[in-house]
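For reference, the structure discussed in these notes is given below.
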Amino acid sequence: MEKENIAVGLDIGTTKIVAMIGKKNEYGKLEILGVGKSKSLGVARGVVNNITQTIQSIQQAINEAETNSGYKIKDVVVGIAGQHIRSIQHTDYISRSNPEEVIGGDDIQLLIDQVNKLAMLPGEEIIHVLPQEFKIDGQSEIKEPIGMYGGRLESSFHVVVGQASSIRNVGRCIQSSGIELSGLTLEPLASSDAVLSQEEKEAGVALIDIGGGTTDLAIFKDGIIRHTAVIPFGGNVITDDIKEGCSIIEKQAELLKVKFGSAWPGENKDNEIVSIPGLRGREPKEISLKNLSKIIHARVVEIIEQVFTEVKAYGHEDPRKKLIAGIVLTGGGAQLKHIKQLVEYITGMDTRIGYPNEHLAGNSDEEFSSPLYATAVGLVMNSISNNTQSATRKEEVVSQRNVFYREPVVETVERIQQEVEEVETQSYSKKEESTGEKIKRSFFDRYVDKIKDFLDNAE
């Protein structure tokens, strides 16, 4: 029987932790087998600040996903975000000793290794190196240099940098939860895989993922990522403002925001009032929905203006850098009423809400097509593209412990030989990876290995 390629994504957010188990169905769509969700207690603005609480939250989400799916999780692809993430543009080149030889993967790897040696601020590490366009002997705008001739190979890179300690803390939490780390992905990249089409990435688009503790930005143009940023504000600051402005507890503030909140104050009439039960026998509190919308509006405007400053820093006003597809909003914050209209008003750009349902199988639960799950869906898609076998059926795990029958040796050898031939056939028929995909994969494999080594040595 052919082994199922079961993938697991783990989204460690500021407000929630989501473990999602999925696989590709026969139509190439993502079939979700199980989801576990828990309240995130040890994370603030995307950074772990309490190891013990984070481990408990991860275990709770993992256990729930295992129970719902009937699979036992072995390893996960994790999203990296947080206020410590920043990105830089860098150009580097190598001079080849023999220009008469065609450029190969080794030359590109040499260029990548050179970029990895860049001096960073103390405590910072390069976590992502994304090649953009290549230049060979002055000829620019080359997307695929492999197979070409040239003496000087040059490339512009989008380099994502983060605090090494923050990433290692995430690795420690996962290892202590009893599972392995199979990969790392920048969360805005995972969300973009889930909600953006290739046409949008080609035309130019800004993805804004409004989470609980941070707002992530990823800008694409000509199918290449051009700019990333993490703004240390999200839905939580809106809830805090409501809590302070209306003098109510956080739980009530969150419910008010979700059920009655709007980013556009003009929508509410002056006489629209909601009554909130008082604490411990106190009188109920009456809150004007117009005032509630004004509080939300002020904070959302601040968040969007900060994101728009980053879009301007990319240079979207330059005709060559124009974002024709506009803005796509996703994440829990994108569910706020009238936020689409407000973003269009502030930025003057076409805006839509990004749902991950395009990649989901038709029979998927409607809940999972919410912008809330965009990052988790993207992480599972990333795990599938890496061909990970991240979970096994629980009955398989049990049956493996109770194996008494032994196959005849000859039959086993024949079967192994057949499997090897199948693997070889598959590897030949497999679609050729692009240079960017090869670099991304090899770099992440090495980075994950580096974290594993660090954690093993720390014990």
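In this chain, numbering begins with 1 at the start of the sequence shown. None of these values were measured; they are calculated from a predicted model.
Among the candidates Leu217, Leu186, Ile85, the single residue satisfying the side-chain contact (heavy atoms from CB on, under 4.5 Å) test with Thr228 is Leu186. The only member of Lys322, Lys321, Arg320 that meets salt bridge (charged side-chain N to carboxylate O under 4.0 Å, His left out) when paired with Asp318 is Arg320.
With a 6.0 Å cutoff to the six-membered ring centre and a 45° limit on the axis angle, Lys135 does not count as a cation-pi contact of Tyr93.
Considering CD of Glu202 and CD of Glu199, their distance stands at 8.5 Å, rounded to 0.5 Å. Atom CD of Glu180 is separated from atom OG of Ser177 by 11.5 Å, given to the nearest 0.5 angstrom. Between the CG atom of Leu360 and the OH atom of Tyr355 there is a distance of 13.5 Å, given to the nearest 0.5 Å. The line from CG of Asp240 to CZ of Phe233 is 11.0 Å long, rounded to the nearest 0.5 Å. Within the model, atoms CD of Gln114 and CG of Asp92 stand 4.5 Å from one another, a figure rounded to the nearest 0.5 Å. Separating the CG atom in Leu207 from the CG atom in Leu189 is a distance of 9.5 Å, to the nearest 0.5 Å.
Taking all atoms of both residues into account, the shortest heavy-atom contact from Ser383 to Val77 is CB-CG2, 3.6 Å. Contact between Leu379 and Leu10 at its shortest, heavy atoms only, is CD1-O, 3.3 Å. The two residues Leu111 and Ser155 have their closest heavy-atom pair at CD2-CB, 3.8 Å. Closest of all the heavy-atom pairs between Gly9 and Val380 is N-CG2, 3.6 Å. For the residue pair Ala218 and Phe220, the shortest heavy atom distance occurs at CB-CE1, 4.0 Å. The nearest pair of heavy atoms linking His158 to His227 is CE1-CA, 3.4 Å.
With contacts defined as side-chain heavy-atom distances shorter than 4.5 Å, the pair Val237/Ile303 qualifies. Asn169 is not listed as a side-chain neighbour of Thr54, based on a closest heavy-atom distance of 4.5 Å or more. Side-chain contact between Leu153 and Ile108 is present, with heavy atoms from C-beta onward closer than 4.5 Å. Here the side chains of Leu184 and Ile127 are not in contact, with every heavy-atom distance at 4.5 Å or above. Contact annotation: the side chain of Met120 approaches that of Ile88 to within less than 4.5 Å [non-hydrogen atoms, C-beta and beyond]. Within the 4.5 Å cutoff, side-chain heavy atoms of Ile210 are placed close to those of Ile339. For the pair Tyr314 and Leu323, the minimum side-chain heavy-atom distance is below 4.5 Å. No side-chain heavy atom of Ser182 sits less than 4.5 Å from a side-chain heavy atom of Asn386.
Side-chain N or O atoms of Asn68 include none that pairs as donor or acceptor with a backbone N or O of Ala65 at under 3.5 Å. A donor-acceptor pair under 3.5 Å links the side-chain atoms of Thr330 to the main chain of Gly354, judged by distance alone. A donor-acceptor contact shorter than 3.5 Å links the side chain of Ser57 to the backbone of Lys39. A donor-acceptor pair under 3.5 Å links the side-chain atoms of Lys337 to the main chain of Lys259, judged by distance alone. Remark: side-chain polar atoms of Ser156 are not paired, donor with acceptor, to backbone N or O of Gln132 under 3.5 angstrom. The backbone N or O of Lys290 lies less than 3.5 Å from a partner atom in the side chain of Ser288, making a donor-acceptor pair. At distances below 3.5 Å, not a single donor-acceptor pair connects side-chain atoms of Gln139 with backbone N or O atoms of Ile136. Between the His84 side chain and the Gln163 main chain, a donor and an acceptor come within less than 3.5 Å of each other. Judged by distance alone, the side chain of Arg226 and the main-chain N or O of Lys221 form a donor-acceptor pair under 3.5 Å. Judged by distance alone, with hydrogens and angles left aside, the side-chain atoms of Thr67 form a donor-acceptor pair with the main-chain N or O of Asn63 at under 3.5 Å.
More than 12 heavy atoms of other shown residues, nucleotides or ligands fall within 6.0 angstrom of atom CD in Glu26. For Glu366, the CD atom sits in a loose shell: 12 or fewer heavy atoms of surrounding residues, nucleotides or ligands are nearer than 6.0 Å. When the shell of 6.0 Å around CD of Glu272 is examined, it contains more than 12 heavy atoms from other residues, nucleotides or ligands.
Between the side chains of Ser191 and Thr375, at least one donor N or O sits under 3.5 Å from an acceptor N or O. With no hydrogens or angles considered, a side-chain donor-acceptor pair links Thr239 and Glu254 at under 3.5 Å. Judged by distance alone, the side chains of Asn236 and Thr14 never bring a donor and an acceptor atom under 3.5 Å apart. With 3.5 Å as the limit, one finds no donor-acceptor pair spanning the side chains of Ser140 and Glu133.
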Review point. How far apart are the C-alpha atoms of Glu31 and Lys24, what are their side-chain angles, what is the distance that settles it, and do they pass the side chain to side chain contact (heavy atoms under 4.5 Å, CB included) test?
Key: CA-CA 6 Å; Glu31 188 181 323; Lys24 252 191 185 174; over 6 Å; no
Practice item. May I have the step-by-step check of side chain to side chain contact (heavy atoms under 4.5 Å, CB included) for Asp365 and Ile32, ending in yes or no? Key: CA-CA 8 Å; Asp365 194 320; Ile32 294 170; over 6 Å; no
Practice item. Report the C-alpha separation of Ile248 and Ile287 in whole Å, then their side-chain angles, then the decisive distance to 0.1 Å, and conclude whether the side chain to side chain contact (heavy atoms under 4.5 Å, CB included) test is met. Key: CA-CA 10 Å; Ile248 54 176; Ile287 287 160; 4.0 Å; yes
Practice item. Apply side-chain hydrogen bond (donor to acceptor under 3.5 Å, both in side chains) to the pair Ser370 and Gln335, showing each step before the final yes or no. Key: CA-CA 8 Å; Ser370 158; Gln335 297 179 113; 3.1 Å; yes
Point to revise | Steps toward side chain to side chain contact (heavy atoms under 4.5 Å, CB included) verdict (Thr392, Ile6) | key: CA-CA 7 Å; Thr392 46; Ile6 308 297; over 6 Å; no
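With respect to the salt-bridge test (charged N to carboxylate O, under 4.0 angstrom), the residues Lys201 and Asp193 qualify.
Taking the six-membered ring where the residue is Trp, Phe368 and Tyr373 present perpendicular rings, their angle passing 60° and hence far from 30°.
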